[in-house]
**Q** 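My structure is below; once you've seen it, I'll send some questions.
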Amino acid sequence: MDSRVALVRKYIAPSVIKSDSIQLHGLVKAPLFKALNSRYKLGSLQIVQDVDWNAKTTPSDSPEPLAATLNSNRSLPMTKFPKQEILEQVKLDTKVGKWRKFMTGWFRIGLYLLKSYKTGIQNTLKVFWDTRNEEQKFSIKNGALANLVREIEMHEINTRLSSSSLPTSSSAKAPLRPLSINRKTLVELIRRDQIWKLPVFFTLVFIFEEVSVLIFTFFPRVCPYNCLTPGGYKKLSNSYIKGTTSTQGNYGLGPLEFTKQGTIKYEPPYAVPIENLYNFLTSFPQSMISNWKLYIYKKLKLQKLLCNEIEKIYQYLFIDDWLLLQSILNTDVEKTKIALSDRELVNCILERKLYHMGDDLNEMVNDTLGKEILLKRLFLYWTLRYNDTISLNGKHTFSEKWGVNNISLLKYNSELVATKDIQ
Amino acid sequence: MQRFVSKFVSTPPVPKKFQEIFPKKRTVNKILFQLDTRLTYHEMYPIFLQVSQNTNEENIPWRKKYPYIRSSDIMQMRNVLITLRTQNKFVHKDLLAMEDKLLNIAAELGNNDAISILSFNVIHEYKKENVKSSYEKDIETANEFIKKLYARNHHLTVKLIGDLFFENKTYDKAEKYYQEFLKLENSTKLAGEVHGKLGEIQIKQVNGFLKAEKSWLSCIELLEIERSSRWYFLLARLYMSSEPMKAKALLENCASIGFKECFKTLGFLELNYFNNYERAKEWFKTGMEIMDLECFFGFFDCCVKEENFKGARDCLESVKKLGNDKDKKTMINVFLESRKDSIKLLDKARL
């Protein structure tokens, strides 16, 4: 049989997964982690705050054009609410009488909020409008993700076939060919569904005006994603992690299991009980399916459909990671700089469940040490998954390393969240 | 009138040998319906009979004897035999000879398809048996025929040229001819076959897998499963790590016509991915009947997971018996090494 077809993976699920030890120190020494870390330290990877990537003119010193296809700030919530700044401004404003400083301050905060809601709604509409053509091209809900995964897999096989000598594992090599979709389009295609929250949201804002912020703080799921305030976001992130972090069997996808050798065990989606699948899917941000549908699937015990959904999430994370890693590692260290926006960083951490219960991600990203902690978690996560895969620095394809749709990778891994020995 | 009179004339008895090999009227009629032939069973039967009896040297004036036949009917008769062969998965020597004779007759009657097939047969044989002087004349005529037919844009010839290049591994040229064929003919069964082969060429190209997938999909849409099982299987392999559900459905189709390779794949897919031990066992059992070694391994795993220790022990013993074969020895050793823990468990259970 032809070699290329032969390389398309034969289904043999590995009983023992060949991977480096999950121990943290093992991961820190891995070449992929070193490469990522050095990129960050050299400044070729930067975390940038509040730049409008959609603006037609970009600041002269900023590192786009890559960043413009990497981040989609408009579909994500703000990371910092300038409450103190506004109050400070009012305090210094001489035109405002002393007796009404308190009132004016809070009034301006309210105004700021309404303004941010306005831009949020506009952006949600824009995202929906701008992605309408891509939606026809990539039907995300019907197999487009699987197609993209195949594209990456074929790319890996091509790399393996074309490289006469296998790449050395000492240095992390970056993939070369871009995928048929860029990251911004991918994430916006997933986030465009937020538009269906607008009718309820708009009505609530219209009726309650400034007070609506209280409602959205207590019920953050009503609010479109990019209109969330940091407070609401924290509540939301906590509710997502609540069902996942416990090591008891009935939370999230269940506890992470290891083989005797200490490596992560292979687990297909069909081995997970329906209750756990449902728990995981309802607590995944930017879910691709509505909760009432999931509830019906659970009640009618339609395991197949639930597994389908979880496969989609697995594939989405894989493609997203691949695109990010490609952008970060596939650049000349000296010439180009990659800018990842703080909002995207927070979102990455949220989607991959790399935080503790009670962590305020927005606060962390605005603080130097916190930012480094978040980045380190993300790097560790990537290293665990992608170290020693063909498109980065190794010999195996991703599905060879982990097996087909290995659900263990989606489980909450408390080791990755450990924040000790930050360098 | 002729038919009416013929009823009163005593017909020579049908030889027993022919009765034995030729299928029943019911079966043939079914195939005739499938192929949508112009002639009926009664019109074809005497021709079949005659073809089976005569030798190649005899020269029978077909047109005079059966004024209603056309050369395309003879080809359809040949197709009847081919369909029978693929459906039954059983080749009878005499029926195969009959196919050849029918092909010769069709060529004599001036059927382009038959001429094309015969010409290519000559070329194939020439290649197999190296250079022989007696062949050279035949080759020349064959080449001439092919050139003329190609100049006329004869569909089958274009496809067969593509096939020839495909076998010689000159894939660029093969692709060119296949594309040419698809421009001429796009929705027939032959086009389905071409799509399948085109897919195999495309997957060899860098980033050609999307095209290959498309080709295979149209192939399995056009062709019946008996003829397209290979491409079902290849498509399933392509889908395996991204969409196991689709791969499973495709493999089940393959298994329905007894495609040997797919039993173990299906078994392992059910065992490891879909966690359906019962079904996995069924697939492995089928695979074990054709002595597929990997199916024995799979069956063992199934039994261990189901804690059916007796079944596992029996399976292990049969595997050890198979170990006498030299080719299989290394594989079996690897198996025994990797399932050490399970085997220990079995021994404990016995105690």
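Residue numbers begin at 1 in each chain, while the letters A, B, ... track the order of the sequences.
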**Q** With a 4.5 angstrom heavy-atom cut-off, which part of B:Asp341 approaches chain A: side chain, backbone, both or neither?
**A** side chain
**Q** With no hydrogens and no angle check, do the side chains of A:Glu156 and A:Thr389 hold a donor and an acceptor under 3.5 Å apart?
**A** no
**Q** Determine which residues belonging to residues 160-177 of chain B lie within contact range of chain A, meaning some heavy atom pair is under 4.5 Å apart, and list them by number or answer 'none'.
**A**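 Contacts with chain A: none.
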**Q** Would B:Lys159 and B:Phe181 count as a cation-pi pair here, with the cationic atom under 6.0 angstrom from the ring centre and within 45° of the axis?
**A**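 No, a cation-pi geometry is absent between B:Lys159 and B:Phe181.
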**Q** With sequence neighbours left out, what residues match B:Phe274 under ring-ring contact (aromatic ring centres under 6.0 Å, His included)?
**A**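 Only A:Tyr270 meet the ring-ring contact (aromatic ring centres under 6.0 Å, His included) criterion with B:Phe274.
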**Q** Side chain, backbone, both or neither: which part of A:Asn308 has a non-hydrogen atom closer than 4.5 Å to chain B?
**A** neither
**Q** For A:Cys348 and A:Leu324, work out which heavy atoms get closest and say how close.
**A** SG-CD1, 3.8 Å
**Q** Sort out for me which of A:Val149, A:Leu145, A:Asn405, A:Leu148 touches chain B most, counting heavy-atom pairs under 4.5 Å.
**A**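 Option with the top pair count is A:Asn405.
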**Q** With the threshold set at 4.0 Å, does a side-chain nitrogen-carboxylate oxygen contact exist between A:Lys395 and A:Asp388?
**A**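 Judged by the 4.0 Å cut-off on N to carboxylate O distance, A:Lys395 and A:Asp388 do not form a salt bridge.
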**Q** In terms of side-chain geometry, is the basic nitrogen of B:Lys281 or B:Glu270 positioned less than 4.0 Å from the acidic oxygen of its partner?
**A** no
**Q** Measure the shortest side-chain to side-chain distance between B:Glu200 and B:Trp231 over non-hydrogen atoms and say whether it is less than 4.5 angstrom.
**A**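 Yes. Closest side-chain heavy atoms under 4.5 Å.
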